[in-house]
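Just follow the structure's listing: the first ligand is 1, and inside any ligand the first atom is 1. Nothing here was measured: the structure is a model prediction, and the numbers come from that model.
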Amino acid sequence: MKLDIVLWPDPVLLGGTDPVTEVDDELRAIVGEMRRVLFEQRGVGLAAPQVGIAKRLMLVCESGNPGDETVVLNPEIAEVSGSEVGEEGCLSFPGIYGHVPRALTIRVRYQDLDLREHEMTLTGFVARIFQHELDHLNGDVFIDKMEPDSRAKVEDQIAELKARYTESTA
Ligand code: ZN
């Protein structure tokens with residue numbers, strides 16, 4: 001299996017995802033490919049739709065260092081508090097960055113690759129990554145949450161990305 005990064009506005013990024021109910025060899029292979037893609041691209045997070053897989057599966061790696069990543073299945077945010085604006089980019093939007101408001105602190109629940117339940121509180125940058133990746137699982141993308149002045153600055157780049165996708169599928 002070889003998976004590659006999927007660029008916006010591919011429909012797999014916009015359509016939502018199904019829960020993971022079983023961890024089989026195929027799912028482990030998907031996770032392996034996601035790890036490879038994440039670190040090749042020097043990212044800090046990656047959601048399964050970004051490699052074309054419509055499942056509730058994502059990687060979070062605050063340090064960006066291989067081995068530090070957390071495999072997150074079926075995530076939920078139970079509580080949020082505070083808010084903070086910070087800069088974000090996305091591997092599905094190469095070269096596009098902007099300021100996005102996010103909850104500062106979140107209480108999260110998810111399962112690991114053994115389907116064991118985890119519940120914890122995240123704050124700051126790792127909470128931002130978690131929210132960004134979880135949005136991908138719901139078919140939401142960060143350009144729609146950018147502050148208006150940030151969004152205005154990248155409108156041309158967004159139009160270019162859209163045109164490139166249209167050409168590639170024509
Ligand atoms: Zn993203």
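Taking distances strictly below 2.8 Å, the protein N/O/S atoms close to the Zn ion (ligand 1) are C90 SG, H132 NE2, H136 NE2.
Side-chain atoms of Q111 and H118 include no donor-acceptor pair closer than 3.5 Å.
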Would you mind writing out the side-chain donor-acceptor pairs for residues 137-144 within the sub-3.5 Å range, not counting sequence neighbours?
unit_1 : atom_1 : unit_2 : atom_2 : d
N138   : OD1    : R56    : NH1    : 3.2
N138   : OD1    : R56    : NH2    : 2.9
D144   : OD1    : R151   : NH1    : 3.2

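Atom CZ in R36 sits 6.0 Å away from atom CG in D4 (nearest 0.5 Å). To the nearest 0.5 Å, atoms CZ (F125) and CD (E84) are separated by 11.0 Å.
Contacts classified as salt bridge (Lys or Arg N to Asp or Glu O under 4.0 Å) and involving residues 9-22 (residues at least two apart or in different chains) are not found.
Qualifying side chain to side chain contact (heavy atoms under 4.5 Å, CB included) partners for E69, counting only residues two or more places apart in sequence or in other chains: R35, F39, C61.
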